[in-house]
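Residue numbers start at 1 and run along the sequence shown. What you are looking at is a predicted structure, and each value in this text was computed from that prediction instead of being measured.
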Amino acid sequence: MSTHAINAIIDSMAAITIRQLDEKVKARLKIRAAHHGRSMEEEAREILRSALSPSTNQRENLADAIRRRFAPFGGVELELPVRDAPRTPPDFSE
């Protein structure tokens with residue numbers, strides 16, 4: 001068996017142990033897993049996959065996100081007030 005094949009087998013059987021996990025965190029994980037119809041272990045895998053996926057590292061434009069969120073409600077036309085002419089700056093020369 002080649003080294004590459006052995007590494008592939010080891011990688012597919014990778015395990016992680018999380019010690020000293022706060023009971024509140026454990027309870028929230030259990031509730032979240034139940035809500036999604038998964039085991040706690042599968043829920044933890046999904047959380048890790050989601051957190052480490054490349055797409056989550058790209059920040060979305062906030063203005064675009066807000067526009068998309070409120071687009072179904074329609075737009076609002078606001079009447080812009082007339083602006084006064086800029087005032088003359090003070091003259092500090094003597």
Side-chain angles (χ1 to χ4, degrees):
M1 191 178 266
S2 72
T3 305
H4 184 327
I6 293 171
N7 286 338
I9 291 170
I10 291 171
D11 287 344
S12 70
M13 297 186 319
I16 184 170
T17 301
I18 302 173
R19 291 183 177 83
Q20 299 176 349
L21 185 62
D22 185 88
E23 286 299 320
K24 289 180 184 178
V25 173
K26 184 178 174 183
R28 288 175 55 200
L29 178 62
K30 188 174 187 175
I31 292 167
R32 181 175 165 155
H35 179 73
H36 292 123
R38 303 180 192 144
S39 67
M40 288 176 59
E41 184 178 349
E42 181 57 31
E43 188 67 19
R45 278 194 294 269
E46 184 56 36
I47 290 168
L48 287 170
R49 268 192 298 272
S50 175
L52 300 174
S53 70
S55 63
T56 58
N57 292 334
Q58 298 173 356
R59 294 282 177 174
E60 183 178 19
N61 181 314
L62 181 59
D64 290 341
I66 292 171
R67 193 173 292 113
R68 250 192 334 279
R69 172 84 176 187
F70 292 101
F73 301 111
V76 175
E77 294 296 325
L78 299 175
E79 187 177 318
L80 296 176
V82 178
R83 298 185 82 178
D84 295 334
R87 49 184 195 155
T88 307
D91 183 14
F92 293 110
S93 64
E94 288 191 55

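- We find the CD-NZ distance between E43 and K30 to be 14.0 Å, quoted to the nearest 0.5 Å.
- Scanning for side chain to side chain donor-acceptor pair (under 3.5 Å) contacts around E46 gives R49, with sequence neighbours left out.
- Linking Ile, Leu, Val, Met, Phe, Trp and Tyr whenever their side-chain heavy atoms come within less than 4.5 Å puts I18 and V25 in one cluster.
- Taking hydrophobic clusters as Ile, Leu, Val, Met, Phe, Trp and Tyr residues chained together by side-chain heavy-atom distances below 4.5 Å, L29 does not share a cluster with I16.
- Using a distance-only test at 3.5 Å, with no hydrogens or angles considered, a donor-acceptor pair links the side chain of S53 to the main chain of S50.
- The nearest pair of heavy atoms linking D91 to S93 is OD1-OG, 2.7 Å.
- Open room surrounds CZ on R28; 12 or fewer heavy atoms of other groups in view lie less than 6.0 Å from it.
- Taking NZ of K26 as the start and CD1 of I31 as the end, the distance is 12.5 Å to the nearest 0.5 Å.
- Taking all atoms of both residues into account, the shortest heavy-atom contact from S39 to A33 is O-CB, 3.6 Å.
- Atom CG in D64 sits 15.5 Å away from atom CZ in R69 (nearest 0.5 Å).
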